[in-house]
Amino acid sequence: MTMQTEHDFLITGSHDEANRQAYAATLRMHVLTDIGNGLKDVYDQRVAPAFEKSNGRAPKDGREAMKAMLDDTYGKTWSSMIHTCQEMLWDSVRPAVERAQPDFNEKVRGLNSKVGSVSLDPSVEVPRYVSASDIHLMPGNYHTERAEDDTSQGALFDRGLYLYQGGFAGPLCDNNGRSQAEVIKRRWPEFKPKKILDLGCTVGNNTLPYADVFPDAELHAIDVAAPCVRYGHARAEALGVPCHFHQMNAEATSFEDESFDLIVSCILFHETSRTGLEKILAESHRLLKPGGMMLHMEVPRTEGMDPYSAFRLDWDTYYNNEPFLSTWMRTDVGESCVKAGFDADNYIHIAAPDLGSVSDEEFTRYAKAEDSATGTHGHWGELVMWNMYGAWK
Amino acid sequence: MSDEIKITPVNRGKRPAFFDDPAIDQLMAIVMAMSAEMSVLYDRVDTIERLLDKKGTLSRDDIEAFRPDQGVEDERNGRRNDYISRLFRIIREERETLVAHDKMDEYNALMDELAKS
Ligand SMILES: C[S@@+](CC[C@H](N)C(=O)[O-])C[C@H]1O[C@@H](n2cnc3c(N)ncnc32)[C@H](O)[C@@H]1O
């Protein structure tokens, strides 16, 4: 497993804790891929035929496929295991984060910003779609604060995310952001954004690659979760990447009209409600300069997907605490962009694989839409295909 | 607010049970946690062996301070993967039986075809 880049604020824990974390990540990858890929054989050879026999037809969608799979021993065992793996990930990081306090918060508080900045706004309310559940089973979710200037959830997320990705998103857990930034640069080489904003940045792992890909741009990142914004800023400073972090709600930011050339987000939409999403698109429209672009990276939608693949995606909705994933699946993004003020002709939808999963040449062909994408799920460890939705203003 | 931090280990929401008896889900979680502890113990032995190989002696502090480089980590990960495969052999076998069955179908179809020709 590719090791995570160490920085001044990364918490990995003791000798045994670090090994427990590595084991949890390896175990999860094994269950996800080795055992998980067996689900397809079980579905094709056992579950779907049995369904057809008793219903006179094949399962019609993800929901029916899931019900049938969860009636099967293999499906039950896999579900029980992968759910436990997810819990084990967080549990392997939790004690080290707890033990690091209160010194750790103190260290972040005492940080001198050298390349970027951070601004907190306690009046920002965490929307209900964020606060309602512990997304991905992360205890305390993104936003919980247990002490003054708390950063614990940021630290928990940074290490947990790396373990969740099993190193597949690179040592900085930034392949998503890097892939998206590279798609933009390779597809529109003449587009040179001067101000970039990332919405729902969490700890900024997928924000920072924009500083590499567009070194002349000023980079901003916002999130509603204060512990993540504080930690993200400390992390960026430790890595020496200039970025300005703000605690803001993407539905209603305090930036002026037409402030940005490029507005991006990375796997934010599937964690927002429908109205939240519509407000974020309208806000993006307000914040973009004419000629600017917004592009939001997301997991593929299940619409038109075969029942088996839809089952694999739906599973996360129900059991990985992704309550809004299914809302996202039913959202017509093009229509929502028009409603937010964008011209239908300016709508963009790109699907490209992860930068790390194909050769550079192949990646460029996808970026330029010379290769069409074959949709798969966005699970690390499989061929990851990212979908990007957006529009020019 | 105190500066001592306690992250409640359970996340909100009911823990799903996938088996008809939730005790089986609990048992699964216990077995998996145990598998982790065994792996952690193995890594500790591995650290001790590496330190002894290098220095012929060791202290508790040496062990605690030891961190693998990418090479050691890759070695350990290979061992963890083998270990996991052995541990969950029974599940892999269930899948392999299915694949074998599929091959049998192919074989029978071929036989039928040959019988006709
Ligand atoms: C799945 S995470 C995104 C992670 C991050 N972009 C990445 O690529 O790793 C969603 C993040 O969006 C934040 N968020 C959700 N709704 C938001 C909103 N309306 N405004 C700002 N941040 C929001 C959450 O607090 C959370 O940190």
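Every value quoted in this text rests on a predicted model; they were computed, and no experiment measured them.
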Inset, instruction - Check whether B:Arg92 gets within reach of chain A through its side chain, its backbone, both or neither, counting any heavy atom under 4.5 Å. - result: neither
Inset, instruction - Enter the distance from B:Arg67:CZ to A:Met3:CE here, rounded to the nearest 0.5 Å. - result: 9.5 Å
Legend entry - Proximity breakdown for B:Gln70 and chain A, heavy-atom pairs closer than 4.5 Å: both
Inset, instruction - Verify the neighbour count for atom CZ of B:Phe66: are there more than 12 heavy atoms of other residues, nucleotides or ligands below 6.0 Å? - result: yes
Legend entry - Closest approach of B:Phe88 to A:Leu27 (non-hydrogen atoms, all atoms of both residues): CE1-CD1, 3.7 Å
Inset, instruction - Determine the option with the most heavy-atom pairs under 4.5 angstrom with chain A, choosing from B:Val31, B:Leu41, B:Thr47. - result: B:Thr47
Legend entry - Contact origin within A:Asp34 toward chain B - heavy atom pairs under 4.5 Å: backbone
Legend entry - Gap between atom CG of A:Asp72 and atom CD of B:Glu94 - 0.5 Å precision: 7.0 Å
Legend entry - Sub-4.5 Å side-chain heavy-atom contact between B:Asn81 and A:His30: yes
Legend entry - pair B:Ile5-A:Arg99: side-chain heavy atoms closer than 4.5 Å: no
Legend entry - Residue among A:Val31, A:Asp16, A:Thr2 with most heavy-atom pairs under 4.5 Å to chain B: A:Asp16
Legend entry - Spatial distance of atom CD (B:Glu73) from atom OG1 (A:Thr26) [nearest 0.5 Å]: 7.5 Å
Legend entry - Nearest-0.5 Å distance that lies between atom CG in B:Leu27 and atom OG in A:Ser80: 9.5 Å
Inset, instruction - Inspect the contact between A:Lys76 and B:Asp20 and indicate whether a charged nitrogen and a carboxylate oxygen are less than 4.0 angstrom apart. - result: yes
Legend entry - B:Met32 CE to A:Met88 CE distance, which is reported to the nearest 0.5 Å: 5.5 Å
Legend entry - Part of A:Gln153 lying under 4.5 Å from any heavy atom of chain B: side chain
Inset, instruction - Check each atom of B:Tyr83 against the heavy atoms of chain A and say whether the ones under 4.5 Å are side chain, backbone, both or neither. - result: side chain
Legend entry - Pairwise side-chain contact, B:Ile91 with A:Trp78, heavy-atom cut-off 4.5 Å (strictly under): no
Legend entry - Top contributor to chain A contacts, counting heavy-atom pairs under 4.5 Å, from B:Ser39, B:Ala17, B:Ala33, B:Pro68: B:Ser39
Inset, instruction - Would you mind reporting whether A:His83 and B:Arg15 have side-chain heavy atoms less than 4.5 Å apart? - result: yes
Inset, instruction - Go through B:Phe19 and A:Thr77 one step at a time and tell me if the side-chain contact (heavy atoms from CB on, under 4.5 Å) criterion holds. - result: CA-CA 8 Å; B:Phe19 293 100; A:Thr77 304; 3.7 Å; yes
Legend entry - Heavy-atom donor-acceptor pair, A:Glu98 side chain to B:Ile7 backbone, under 3.5 Å: yes
Inset, instruction - Below 4.5 Å from any heavy atom of chain A, which atoms of B:Leu87 appear? Answer side chain, backbone, both or neither. - result: side chain
Inset, instruction - Calculate, to the nearest 0.5 Å, the distance between atoms OG1 and CZ belonging to A:Thr84 and B:Phe18 respectively. - result: 8.5 Å
